[in-house]
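Numbers restart at 1 for each chain; the letters A, B, ... are given by sequence-line order, proteins then strands. Just so it is clear, the values below take in all heavy atoms, side chains as well, and ignore hydrogens, waters and symmetry mates. Computed from a predicted model, the values in this text were never measured in an experiment.
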2 protein chains.
Amino acid sequence: MELWTIEIEKAAMILKLLGDKTRLTMLKMLEAHDYCVCEFVEIFKVSQPAISQHVKKLKEAGLVCETRRSQWIIYSLNRDSDILPFVQSLMDHLPNQDFKLQQLEKQGLRISCE
Amino acid sequence: MELWTIEIEKAAMILKLLGDKTRLTMLKMLEAHDYCVCEFVEIFKVSQPAISQHVKKLKEAGLVCETRRSQWIIYSLNRDSDILPFVQSLMDHLPNQDFKLQQLEKQGLRISCE
DNA sequence: CTATTATATAAGGAGATGCTTATATAATAG
DNA sequence: CTATTATATAAGCATCTCCTTATATAATAG
């Protein structure tokens with residue numbers, strides 16, 4: 001027996017949002033660490049506007065937060081999102097993406113803005 | 001800790017398939033009962049070809065089976081699908097759709113082909 | 001056989017999606 | 001101040017999606 005349910009229309013909307021390899025990977029990555037746009041650009045090998053458009057969709061759905069730190073804008077998972085429990089229940093079955101962070105660090109492209 | 005994982009590309013493909021209100025509802029309905037195309041047509045208020053196209057996508061993903069019973073083709077959830085565990089983990093959070101079957105029965109549109 | 005019923009496939013169109021390049025905005029460095 | 005760096009937005013385009021109508025296929029009824 002399930003503990004909670006989500007409206008089917010809302011679920012379909014979320015699944016459509018996450019039914020994109022780039023956005024789904026981003027979200028799984030954000031589960032473990034925060035990332036800035038330029039890091040995503042390096043990782044996904046697409047243009048910077050393409051990344052901005054993807055994170056915008058995640059932000060509009062309330063799944064991520066943005067914080068400016070000097071010239072960078074850091075994206076993080078919004079742990080307070082009301083749809084996170086549903087999203088989490090599927091992200092739990094996705095493989096950890098930490099190797100992508102390690103690749104970034106190996107290339108010296110990890111942003112550290114402290 | 002998760003018990004099993006699914007490749008992120010495969011997960012994105014499945015989420016895209018289920019990121020449609022009609023297909024997601026169909027699948028949730030099939031969790032409880034089998035349905036034929038003409039029942040789906042009544043329920044979703046779209047054309048018969050539209051329904052056929054949706055079930056075709058679900059069938060191509062291996063999520064549903066079809067069986068002919070005289071002039072009707074009955075669709076059922078493929079309980080042996082290798083992606084069903086992932087799909088099930090999200091369907092568990094969708095509200096039961098039995099009221100749709102009850103509506104059909106009230107209208108006398110439930111197919112019983114015995 | 002023909003007519004009817006149920007379903008699938010084909011073709012086409014409106015709108016959505018995901019990318020690109022060009023440009024605008026915001027912060028930092030000098 | 002100007003130049004550079006990081007990001008967002010605008011515009012355009014190719015492709016995909018989901019629907020429609022028209023037609024084909026398969027089974028049943030008479």
Side-chain angles (χ1 to χ4, degrees), chain A residues 8-9 12-27 30 34-61 63-76 104 107-114, chain B residues 8-9 12-27 30 34-61 63-76 104 107-114:
Chain A
I8 222 153
E9 290 84 355
M13 193 202 70
I14 296 166
L15 298 183
K16 189 176 188 177
L17 179 70
L18 301 192
D20 175 274
K21 191 190 157 188
T22 303
R23 287 192 296 270
L24 187 61
T25 307
M26 278 178 169
L27 216 54
L30 289 171
D34 298 351
Y35 286 87
C36 75
V37 171
C38 59
E39 291 172 321
F40 281 141
V41 170
E42 288 301 324
I43 288 164
F44 292 106
K45 306 292 179 203
V46 290
S47 70
Q48 172 267 311
I51 295 295
S52 283
Q53 287 158 15
H54 281 304
V55 293
K56 185 180 185 181
K57 288 183 183 181
L58 294 173
K59 199 179 68 172
E60 280 170 351
L63 281 170
V64 303
C65 306
E66 63 174 64
T67 326
R68 181 177 280 275
R69 273 198 235 163
S70 91
Q71 73 266 47
W72 296 284
I73 296 184
I74 311 295
Y75 284 91
S76 56
L104 264 192
Q107 294 173 271
L109 294 166
R110 176 73 175 149
I111 299 298
S112 54
C113 29
E114 296 309 320
Chain B
I8 222 153
E9 289 84 357
M13 193 202 70
I14 296 165
L15 298 183
K16 191 175 187 177
L17 178 70
L18 301 191
D20 175 275
K21 192 190 157 185
T22 303
R23 285 191 297 270
L24 187 62
T25 307
M26 278 179 168
L27 216 53
L30 290 171
D34 298 351
Y35 286 88
C36 74
V37 171
C38 59
E39 291 172 322
F40 281 140
V41 170
E42 286 302 323
I43 288 164
F44 291 105
K45 306 294 180 203
V46 291
S47 68
Q48 171 267 313
I51 295 296
S52 283
Q53 287 157 16
H54 281 304
V55 294
K56 186 180 184 181
K57 288 182 185 183
L58 294 174
K59 200 178 67 173
E60 282 170 349
L63 280 170
V64 304
C65 307
E66 63 173 67
T67 326
R68 181 177 280 276
R69 271 197 238 165
S70 93
Q71 73 266 47
W72 296 283
I73 296 183
I74 311 296
Y75 283 91
S76 56
L104 265 192
Q107 293 175 270
L109 293 167
R110 175 74 176 149
I111 299 299
S112 54
C113 29
E114 297 310 318

Rounded to the nearest Å, what distance is computed from the [atom1] atom of residue [X] to the [atom2] atom of nucleotide [N]?
X: B/Met13; N: D/dC16; atom1: CE; atom2: P; result: 16 Å
X: A/Tyr35; N: D/dA6; atom1: OH; atom2: P; result: 18 Å
X: B/Leu24; N: D/dC18; atom1: CG; atom2: P; result: 12 Å
X: A/Glu39; N: D/dT5; atom1: CD; atom2: P; result: 17 Å
X: A/Lys21; N: C/dC19; atom1: NZ; atom2: P; result: 11 Å
X: A/Lys56; N: C/dT17; atom1: NZ; atom2: C1'; result: 14 Å
X: A/Asp20; N: D/dT17; atom1: CG; atom2: C1'; result: 14 Å
X: A/Ile51; N: C/dT21; atom1: CD1; atom2: P; result: 14 Å

Rounded to the nearest 0.5 Å, what's the gap from NZ on A/Lys16 to CD1 on A/Ile14? Could you check? 13.0 Å
About how many Å separate CD1 of A/Ile51 and OG1 of A/Thr22, when rounded to the nearest 0.5 Å? 6.5 Å
For [X], side chain to side chain contact (heavy atoms under 4.5 Å, CB included) partners two or more places apart:
X: B/Thr67; answer: none
X: A/Gln71; answer: none
X: B/Lys57; answer: B/Leu17, B/Arg23
X: B/Lys59; answer: B/Val64, B/Glu66, B/Tyr75

Base-pair string, DNA chain C, Watson-Crick plus G-U, cut-off 3.5 Å on both distances, | for inter-strand, is ||||||||||||||||||||||||||||||
Is there a donor-acceptor pair under 3.5 Å between the side chain of A/Gln53 and the backbone N or O of A/Ala50?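 The answer is no, because no donor-acceptor pair under 3.5 Å joins these two groups.
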Please answer whether the main-chain N or O of A/Cys36 pairs with a side-chain N or O of A/Glu39 as donor and acceptor at a distance below 3.5 Å. yes
Below 4.0 angstrom from OP1 or OP2 of [N], is there any side-chain N or O of [X]?
X: A/Arg69; N: D/dA6; answer: no
X: B/His54; N: D/dT17; answer: no
X: B/Lys16; N: D/dC16; answer: no

Heavy-atom protein contacts under 4.0 Å, nucleotides 21-30 of chain D, coded B base, S sugar-phosphate only, - none: BB---SSS--
Closest approach of A/Asp34 to A/Arg110 (non-hydrogen atoms, all atoms of both residues):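 It is O-NH1, 3.3 Å.
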Which heavy atom in B/Leu24 sits nearest to a heavy atom in B/Leu18, and how many Å separate them? CB-O, 3.5 Å
For B/Ser76, enumerate each residue passing the side chain to side chain donor-acceptor pair (under 3.5 Å) test, keeping only those at least two apart in sequence or located in another chain. none
Determine the contact category for B/Lys57: base if any of its heavy atoms lies under 4.0 Å from a base atom, sugar-phosphate if only primed atoms, P, OP1 or OP2 are that close, otherwise nothing. sugar-phosphate
Which part of the nucleic acid, if any, lies within reach of B/Tyr75 when heavy atoms closer than 4.0 Å are counted: base, sugar-phosphate only, or nothing?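 It contacts sugar-phosphate atoms only.
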Just the table, please: protein N/O against nucleotides 2-4 of chain D N/O, every pair under 3.5 Å.
none

Picking from A/Leu104, A/Val46, A/Thr25, A/Leu30, what satisfies side chain to side chain contact (heavy atoms under 4.5 Å, CB included) with A/Phe40?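 Single pass found, and it is A/Leu30.
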